[in-house]
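Since the structure comes first, as structure tokens, the remarks are kept for the end.
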Protein chains: 2
Amino acid sequence: MPRPSEPTRERIIQAANSLFYSEGIRRVSVDEVAAKAGLTKRTLYYHFKSKDDLVAAYLAARDQPNLALFRKWFAEAEGGLPVKVEAIFKNLARSARHPKWKGCGFLRTSAELANMPGHPAIRIGAAHKKKFEDWLRAAFAEQRIADPLKLARQILLLLDGSFAVVLLHRDASYMETAGEAARTLIETALAKPGRKRG
Amino acid sequence: MPRPSEPTRERIIQAANSLFYSEGIRRVSVDEVAAKAGLTKRTLYYHFKSKDDLVAAYLAARDQPNLALFRKWFAEAEGGLPVKVEAIFKNLARSARHPKWKGCGFLRTSAELANMPGHPAIRIGAAHKKKFEDWLRAAFAEQRIADPLKLARQILLLLDGSFAVVLLHRDASYMETAGEAARTLIETALAKPGRKRG
DNA sequence: TTGTGTATATTCACTGGTTAGTATACATAG
DNA sequence: CTATGTATACTAACCAGTGAATATACACAA
């Protein structure tokens, strides 16, 4: 039945997402992804050039939804900048307590592919993190903050640190600790001189 | 020639360390480790029960030297607590600029084995990080800091975050940014009330 | 000094299983 | 009847772990 086509590609990416995220890139075979998507490996290779290509597609598909979620948490929190940023960490802690949580797919992939710096999947992950960093920087720039880029990077360090630490210790409370640190850093930056910005 | 014995085990661990750290656990075969150590796979299996056992030994061997290095950097820096902690990040940035640097072996292993929470290697990694956290907590407790454990954890989040971020972006300057954040957090904690401690 | 047994250490060759990727054929839609 | 899409069956390589044999060092006896 050669019906689907476009939906097929999407179905493969969904299967890849589920398997690669929960078990890692190298532990999951192309056959397993195909089986989960309900088709054969040969069909998968019709839609994707190689496994690396599939890995890249898996991460590319996580980019937008992930960022959207962070923006939503930020927007929904009522209060100033410190409160809004801390809300991201609080929501993340809630996610991290679910049993299927396995950290950040981008970071785990970059750890698995650490010896292939130019790999497409790593470039996608780096771009994802840069997007988040830039969004934060813009949010900080709208307030009286002296060095919005530096502060955005510090928050990102706490965020990615909490992914790593919580994955290792399986203790989501570190995420709330990271949130407090983020609040402290933002409050300190707000208290300093700082030039304006619209 | 059945000469060596004890040195042999050490030689295998050195080979494993070099290969596992630079290429990852799953990308390196037991044969490759044996070849690098200058012996056959069968001999390796005489000294280690399984590959998992070898992985655990590889991480266990990194534990002490790693902690010693951090303590050395901390002790050598002249100044107060904020300066000493920031020195760790500065030295780490220097290491991270070497081309063979591949992040933190413990964190990368935990990312690779994310779906095996009970794996010996993960327990060793978690214990390693806890040791560092506790050492920092003790150092903070000697000063007038209200919640030394919380502060130690915040520094660790920055540290592990910088491993992850620098590995992804290949930009070691994030480590210096993390060091500045650490300094800010410590200075803030020192400025607050806080009870004493000997 | 010389012979002998035993625990230690090492090798060769193999098994059983997995895996990324492909050659070829077939089915359906328009 | 041709593009597109799917399946069967295969290749060639890799890989964790093992069976069986062997070599050495050393303790101890003769």
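On a predicted model such as this, the values are computed, not experimentally measured, just so you know. Numbered from 1 within each chain, the chains take letters A, B, ... in sequence-line order.
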* **Any strand: nucleotide that pairs with C:dT28 via Watson-Crick or wobble, under 3.5 Å** => none
* Structure fact -> The Watson-Crick or G-U wobble partner of D:dA3, with both key distances under 3.5 Å, is none
* Asked: Distance only, no hydrogens: is a donor on one side chain within 3.5 Å (strictly under) of an acceptor on the other, for B:D171 and B:S173?
  ->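 There is such a pair (donor and acceptor under 3.5 Å, judged by atom type) between the side chains of B:D171 and B:S173.
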* Asked: Can a donor-acceptor pair be found between the side chains of A:S29 and A:D31 at a distance below 3.5 Å?
  -> no
* To do: Please report the closest heavy-atom contact between B:R137 and B:A152, naming both atoms and the distance.
  =>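 Minimum heavy-atom contact is N-CB, 3.6 Å.
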If I take atom [atom1] in residue [X] and atom [atom2] in nucleotide [N], what distance separates them, rounded to the nearest angstrom?
{"X": "A:L39", "N": "D:dT8", "atom1": "CG", "atom2": "P", "value": "11 Å"}
{"X": "B:L44", "N": "C:dC12", "atom1": "CG", "atom2": "C1'", "value": "16 Å"}
{"X": "A:Y46", "N": "C:dA27", "atom1": "OH", "atom2": "C1'", "value": "13 Å"}

* To do: Identify, with sequence neighbours excluded, every residue that meets side-chain hydrogen bond (donor to acceptor under 3.5 Å, both in side chains) alongside A:K129.
  =>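 side-chain hydrogen bond (donor to acceptor under 3.5 Å, both in side chains) check on A:K129 returns A:D160.
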* Just jot down the salt bridge (Lys or Arg N to Asp or Glu O under 4.0 Å) partners of B:E133, sequence neighbours excluded, or say none. =>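 Partners of B:E133 by the salt bridge (Lys or Arg N to Asp or Glu O under 4.0 Å) criterion, ordered by chain and then number, come out as B:K130, B:R153.
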* **Those residues that, when tested against A:D63, pass salt bridge (Lys or Arg N to Asp or Glu O under 4.0 Å) (two or more places apart)** =>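 Salt bridge (Lys or Arg N to Asp or Glu O under 4.0 Å) list for A:D63, sorted by chain: A:K131.
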* Among the nucleotides D:dT6, C:dT8, C:dT11, which one has an atom lying closest to any side-chain atom of A:T43? ->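 My answer, after comparing the listed nucleotides, is D:dT6.
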* Out of C:dT10, C:dT11, D:dA7, which nucleotide sits closest to the side chain of B:T40? ->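 Comparing C:dT10, C:dT11, D:dA7 against the side chain of B:T40, the answer is C:dT11.
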* Asked: Hey, is the side chain of A:H47 poking within less than 4.0 Å of OP1 or OP2 on D:dT4, counting only N and O atoms?
  ->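 For D:dT4, neither OP1 nor OP2 has a side-chain N or O of A:H47 closer than 4.0 Å.
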* Between D:dT6 and A:T8, is there an OP1 or OP2 to side-chain N/O distance shorter than 4.0 Å? -> yes
* Please state whether the rings of B:F132 and B:W135 are parallel, tilted or perpendicular, taking 30° and 60° as the class boundaries. =>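 B:F132 vs B:W135 ring planes: tilted.
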* Is there a donor and acceptor pair, one atom on the side chain of B:R42 and one on the base of D:dG19, closer than 3.5 Å? ->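 Answer yes: a donor N or O sits under 3.5 Å from an acceptor.
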* Asked: Would you call A:E180-B:K150 a salt bridge at under 4.0 Å N-O?
  -> yes
Name the atoms and distances for all side-chain donor-acceptor pairs under 3.5 Å in residues 105-116 of chain A, with sequence neighbours left out.
| residue | atom | partner | partner atom | Å |
| --- | --- | --- | --- | --- |
| A:R108 | NE | B:A111 | O | 3.3 |
| A:R108 | NH1 | A:Y21 | O | 2.6 |
| A:R108 | NH1 | A:K102 | O | 3.0 |
| A:R108 | NH2 | A:Y21 | O | 3.1 |
| A:T109 | OG1 | A:G105 | O | 2.7 |
| A:S110 | OG | A:L107 | O | 3.3 |
| A:E112 | OE1 | A:I25 | N | 2.8 |
| A:E112 | OE2 | A:R26 | N | 3.1 |

Find every protein N or O atom lying less than 3.5 Å from an N or O atom of nucleotides 15-20 of chain C, and list the pairs.
| residue | atom | partner | partner atom | Å |
| --- | --- | --- | --- | --- |
| C:dA20 | OP1 | A:K51 | NZ | 2.8 |
| C:dA20 | OP2 | A:V30 | N | 2.9 |
| C:dA20 | N7 | A:K41 | NZ | 3.1 |

* **Of residues 17-24 of chain A, the positions that come close to DNA chain C - non-hydrogen atoms, cut-off under 4.0 Å** =>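 Those residues whose heavy atoms fall under 4.0 Å from DNA chain C, taken from residues 17-24 of chain A, amount to none.
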